[in-house]
Every structure is written in C-alpha cells, then in structure tokens.
Amino acid sequence: MQGPLSGIVVLDLSRALAGPHCAQMLGDLGAHVIKVEHPEGDESRGWGPPFVGPGHDISTYFLAANRNKRSITVDMKSDEGRHLVERLVRQSDVLVENFRTGVLDRLGFPVERLHELNPRLVILSITGFGHDGPEGGRPGYDQIAQGEAGLMSLTGPSPDEPYRVGASIADLLAGIHGAYGVAAALYERERTGRGTVVRTSLLASVVGVHSYHGTAWTVGGKVPEAGGNHHASIAPYGAFRCADGMIQLAVANEGQWRKAAGLLGIDAEQPRYATNRDRFAHRDELIADIEKALAVHDRGHWLAALAELGVPAGAIRSIDEVYAWDQVRSQGLVVTVDHPVLGPIELPGPPLRFEGSDSGEGLTSGDGGEGHTPPPGLGQDTAAVLAWLAERERRA
C-alpha cells in the first residue's frame, strides 16, 4: 500500500528537531523526502549521549527524527550549492525550513524567489517566536520556548518549582502543527493551483495547546499554576500511592466516582465529595482518603479491581516498559528498519494508521513501498538524488 502523500516531493532544509520531525511525519505518510544537509551534517548528528555503532559516533537523537528520508550534502553558501537547490525547488511540492528569520533570504531564497522558481511550492517555515512581531527574530530552543510560552509554569510539584516537560514538546508540537499545515496547503493547492506559505513557531505551538489553561485566564480571570500530578479542574484525577508504588486514577464523571468510592470504602454522597466541584474544593482531603484506602493492597490488585469496574486507571511505565508492552507494538508504534551500519534496529513508529494497510506497522515508507527506511548516513544518497533530479528534468 502506498501512503496518502505518495508522489509528493518534500525538500527538507531543516535541522535539529522541529523541522526534521515534520518532514519525517510527511515521509511516514508516503512523501519522498530529500534531506539537504550542509557538508558537516545536521547538528543533531552530534547530539548525545547515547551514541551507538562501532565507532560510537551515531547519534540516537538523529535516528529519532530522520527515518524515511534521503540525505544529500549541499553548501548553500556556494554558487554551485545554490544552483542545485534551485533545481530541487523546481521539482518539489513542499519545502520545510526552520532557519532563523531572514537567513533563507540572505542565502538567496526569499519567498518571492522560491515561488518564482516554482509557483506550486508549499513552503513551511518554523521559527522560535514567529517570523514577525517585536521579538520575531529571536532564536528559539525548546526549553526556552517552554518557559516563555507558560508551559513550565503549569508543570512541576508547585508554583515555586517550574519544571520543563521531559520531552522536547515545543519542538515536537511545532513539527506536528507544521505537518498538518502542509497537508492543508496541499489540499488548497488542488483548488487554487498555487502554493502558499505556512508559518508556525515553537511559541505558537505551545500556546496553541494551552486549552483549558488558557481559558481559565482569558475567560475566568484565574492564572493556572503547577499542581503536581493532579488535574487542574477534575478530582480525583492524578497519581496516587498504594502499597508498592503509584497508580494513576482518572475519575471524569459522577458514575465513575460512585464506582471508585464504593471500591475504596469512601462515602460518595457525603457533602465534601458529592460533586466534582465539592471534591476539587476538598482535594487534599480526598487525596489523603484515597491513599489511605489504597495503602492496604499493591498496584496489581487495584488496577485489576478498577478495570473490572470500568474506572480509568493505569500504571506509570518507564520507557523500556513502554516499548516492551504488547499494546504499543500492536499499534505499530515500534518499527524495525535495516540500518547500513547498525543492522536491524527498532525506532519509535508513526502515530497514524490508515484502514486498509496490510502492515502492522501502520504506514508505508517514503518511497511508497512497504516498511520504513532507516535514517540516512550523511550525504549517502547524493548520487541517487542527482540521478533522480536529472531524470525529472529530462521528462519536464
């Protein structure tokens, strides 16, 4: 089965994480992705530990964001390099870049020039804080964006201890938002016949997922604060200690509350706990009562009992436990690729599956065939891409 973006050519000029994650998602959907790297390579090739391989020089960070791509090396500061990029732009459907504002212009490729070369080109530009505005030129890195966009103020054990989210969530969200923007722009192109520019940023991507935290302030006038492992609006909803560790409990409606309370020996109808508003107002007391009840049995006992009642609950798994979990593997969230140096390796898989796919891995490779291709070595596909480009130009 070919992916839904089969036949789409993506020119990936990005590096590090946000742009490469976006281009990888497009490759997962079947697009043909050409990763353009400067001769020293994407800087994430040097990010670690861990490093793997015989020379301990292959970054697992790089492996996370570059499957289903072909790599060529181009010096975009040289006349020869710029000419090659011009040729590639003419044959591409999408260009992904995450340079600082103005850098692509200085390299000779402002938006006007790109659309002069290819009026149907969809251009995705990812920046740190936006392409314009009073701070549009600021460099953006994930942790800085998490802090500036308010996410760290919502994360951690208390308002006095802001924490960064463990994953590089600003980068990853920018990549995800960029990919869906590209998909929408390609759809629009079918109607207009012309490409457009899609812009997002690390700042926009985090503010864009504030959700009820945002409206708590914009509508309710309340500044949300970090509340540890418990929900800002629902109780009980969070992590609770039992005899041998912690479990998570998520009671989202009154029916679930009555079932959970009955199991735990708590009076569900008492005034303190009768409604979600009451329970939230007495949350500290509620947590103490729940943990007192949970302390008499281990996690396995409570997870089984809660599952039998249909009350949402779960374990807190380590990363190795997640990838060993049968449910994760059943959803195509682990894929195997044959790396030219490392041999068969497992990578985190794409989060989308399409009905009709005959592969448990969910989606197809960037070349439209079954399976996924490994992240490329630096410049390994230069000759093949040049041959492909010459053939495309000959047919044009």
Colleague: Just verifying a value: how many Å separate Leu386 CG and Ile72 CD1, rounded to the nearest 0.5 Å?
Modeller: 6.5 Å

Colleague: If you count every heavy atom of other residues, nucleotides or ligands that lies below 6.0 Å from Trp47 atom CH2, does the total exceed 12?
Modeller: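 More than 12 heavy atoms, drawn from other residues, nucleotides or ligands, come within 6.0 Å of this atom.
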
Colleague: With no hydrogens and no angle check, is any side-chain donor or acceptor of Arg15 less than 3.5 Å from a backbone partner on Glu43?
Modeller: no

Colleague: Give the C-alpha distance, both sets of side-chain angles, the deciding distance and a yes or no for side chain to side chain donor-acceptor pair (under 3.5 Å) between His177 and Thr200.
Modeller: CA-CA 7 Å; His177 287 137; Thr200 191; 4.8 Å; no

Colleague: Centre-to-centre under 6.0 Å for Phe280 and His230, is that the case here?
Modeller: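 Ring centres of His230 and Phe280 not closer than 6.0 Å.
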
Colleague: Are Lys35 and Asp42 ion-paired here, with the side-chain N under 4.0 Å from a carboxylate O?
Modeller: yes

Colleague: Hey, do the aromatic rings of Trp388 and His32 have their centres closer than 6.0 Å?
Modeller: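 Under 6.0 Å, so yes.
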
Colleague: Please check if atom CZ in Arg241 has more than 12 non-hydrogen atoms from other residues, nucleotides or ligands closer than 6.0 Å.
Modeller: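 No, CZ of Arg241 has 12 or fewer neighbouring heavy atoms, counting only those of other groups under 6.0 Å.
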
Colleague: Please determine if Arg299 and Asp244 form a salt bridge, counting it only when a charged side-chain N lies under 4.0 Å from a carboxylate O.
Modeller: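 Looking at Arg299 and Asp244, the cut-off is met.
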
Colleague: Strictly below 4.0 Å, N to O, side chains only: are Arg67 and Asp28 in salt-bridge contact?
Modeller: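 Yes, Arg67 and Asp28 are salt-bridged.
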
Colleague: Side chain to side chain donor-acceptor pair (under 3.5 Å), that's the test. Do Ser318 and Asp320 meet it? Break it down for me.
Modeller: CA-CA 6 Å; Ser318 60; Asp320 57 324; 2.3 Å; yes

Colleague: Any chance you could measure His297, atom NE2, to Trp302, atom CH2, to the nearest 0.5 Å?
Modeller: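 If I round to the nearest 0.5 Å, the distance is 5.5 Å.
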
Colleague: With the side chain counted from C-beta on, respond yes when Trp325 and Leu333 share a heavy-atom pair under 4.5 Å apart, and no when they do not.
Modeller: no

Colleague: Using only atom types and a distance under 3.5 Å, with no angle test, would you say the side chain of Ser330 pairs donor to acceptor with the backbone of Gln327?
Modeller: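 Yes; judged by distance alone, with no hydrogens or angles, the pair exists.
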
Colleague: Assess whether a salt bridge exists between Arg329 and Glu346, defined as any Lys/Arg side-chain N lying under 4.0 Å from an Asp/Glu carboxylate O.
Modeller: yes

Colleague: Which residue, Ser153, Pro159, Pro162, forms the side chain to side chain contact (heavy atoms under 4.5 Å, CB included) with Glu225?
Modeller: Pro159

Colleague: Verify side-chain contact (heavy atoms from CB on, under 4.5 Å) between Trp257 and Thr275, making sure each step is shown before the conclusion.
Modeller: CA-CA 9 Å; Trp257 164 241; Thr275 69; over 6 Å; no

Colleague: Is it true that the side chains of Asp381 and Ser71 contain a donor and an acceptor less than 3.5 Å apart?
Modeller: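 There is no such pair between these side chains.
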
Colleague: Look at Glu391 together with Arg395 and state whether they make a salt bridge at an N to O cut-off of under 4.0 Å.
Modeller: yes

Colleague: Under the ring pair (Phe, Tyr, Trp, His ring centres under 6.0 Å) rule, what do Tyr212 and His231 come out as? Steps first, then yes or no, please.
Modeller: CA-CA 11 Å; Tyr212 53 85; His231 200 282; 5.3 Å; yes

Colleague: Roughly how far, to the nearest 0.5 Å, is CZ of Arg70 from OG1 of Thr382?
Modeller: 11.5 Å

Colleague: Run Phe99 and Ile126 through side-chain contact (heavy atoms from CB on, under 4.5 Å) and show every step you take.
Modeller: CA-CA 7 Å; Phe99 294 107; Ile126 301 175; over 6 Å; no

Colleague: Considering only NZ, NE, NH1 and NH2 on the basic side and carboxylate oxygens on the acidic side, decide whether Glu116 and Arg90 come within less than 4.0 Å.
Modeller: no

Colleague: Around atom NE2 of His301, are there more than 12 heavy atoms of other residues, nucleotides or ligands at under 6.0 Å?
Modeller: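 Result for NE2/His301: enclosed.
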
Colleague: Measure from the side-chain N and O atoms of Lys222 to the backbone N and O of Thr218, and report whether any donor-acceptor pair falls under 3.5 Å.
Modeller: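 Between the backbone of Thr218 and the side chain of Lys222 there is no qualifying donor-acceptor contact (under 3.5 Å).
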
Colleague: Out of Leu124, Val111, Ile123, which one pairs with Leu95 under the side chain to side chain contact (heavy atoms under 4.5 Å, CB included) rule?
Modeller: Ile123

Colleague: Nearest 0.5 Å, what's the CG-CG distance between Asp75 and Leu84?
Modeller: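 Between atom CG of Asp75 and atom CG of Leu84 there are 11.0 Å.
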
Colleague: Determine, step by step, whether Glu86 and Phe109 satisfy the side-chain contact (heavy atoms from CB on, under 4.5 Å) criterion, reporting the C-alpha distance in whole Å, the side-chain angles of both residues, the deciding distance to 0.1 Å, and the verdict.
Modeller: CA-CA 9 Å; Glu86 286 183 359; Phe109 296 101; 3.6 Å; yes

Colleague: State the CG-CD distance between Leu303 and Glu308, to the nearest 0.5 angstrom.
Modeller: 13.0 Å

Colleague: Among side-chain atoms of Thr73 and Glu37, is any donor-acceptor pair under 3.5 angstrom?
Modeller: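 Note: Thr73 and Glu37 side chains miss the donor-acceptor criterion.
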
Colleague: So, taking the atom named CG in Leu63 and the one named OG in Ser44, what distance separates them when rounded to the nearest 0.5 Å?
Modeller: 9.0 Å

Colleague: Will you find, in the side chains of Asp142 and Gln146, an N or O donor that is under 3.5 Å from an N or O acceptor?
Modeller: yes

Colleague: Is there a donor-acceptor contact under 3.5 Å linking the side chains of Asp12 and Ser14?
Modeller: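 There is such a pair between these side chains.
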
Colleague: Under the salt bridge (Lys or Arg N to Asp or Glu O under 4.0 Å) criterion, do Arg279 and Glu285 qualify, and how do the steps go?
Modeller: CA-CA 9 Å; Arg279 292 191 295 275; Glu285 300 165 62; over 6 Å; no

Colleague: Do Val10 and Ile8 have side-chain heavy atoms sitting under 4.5 Å apart?
Modeller: yes

Colleague: Is the shortest heavy-atom distance from the side chain of Thr127 to the side chain of Asn98 under 4.5 Å?
Modeller: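 Counting from C-beta outward, Thr127 and Asn98 never come under 4.5 Å.
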
Colleague: Between Ser92 (side chain) and Val94 (backbone), is there a donor-acceptor pair under 3.5 Å?
Modeller: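 Absent.
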
Colleague: Any Lys/Arg nitrogen of Arg272 or Asp289 sitting under 4.0 Å from an Asp/Glu carboxylate oxygen of the other?
Modeller: yes

Colleague: Ion pair present between Arg194 and Glu188, side-chain N to carboxylate O less than 4.0 angstrom?
Modeller: no

Colleague: Do the charged groups of Arg138 and Glu148 touch, with an N to O distance under 4.0 Å?
Modeller: yes

Colleague: Do Asp171 and Tyr141 have a side chain donor and acceptor closer than 3.5 Å?
Modeller: no

Colleague: Answer whether the closest heavy-atom distance between the side chains of Val335 and Pro350 falls below 4.5 Å.
Modeller: yes

Colleague: When you measure from the side chain of Thr196 to the backbone of Ala185, do you find a donor-acceptor pair of N or O atoms at a distance under 3.5 Å?
Modeller: no

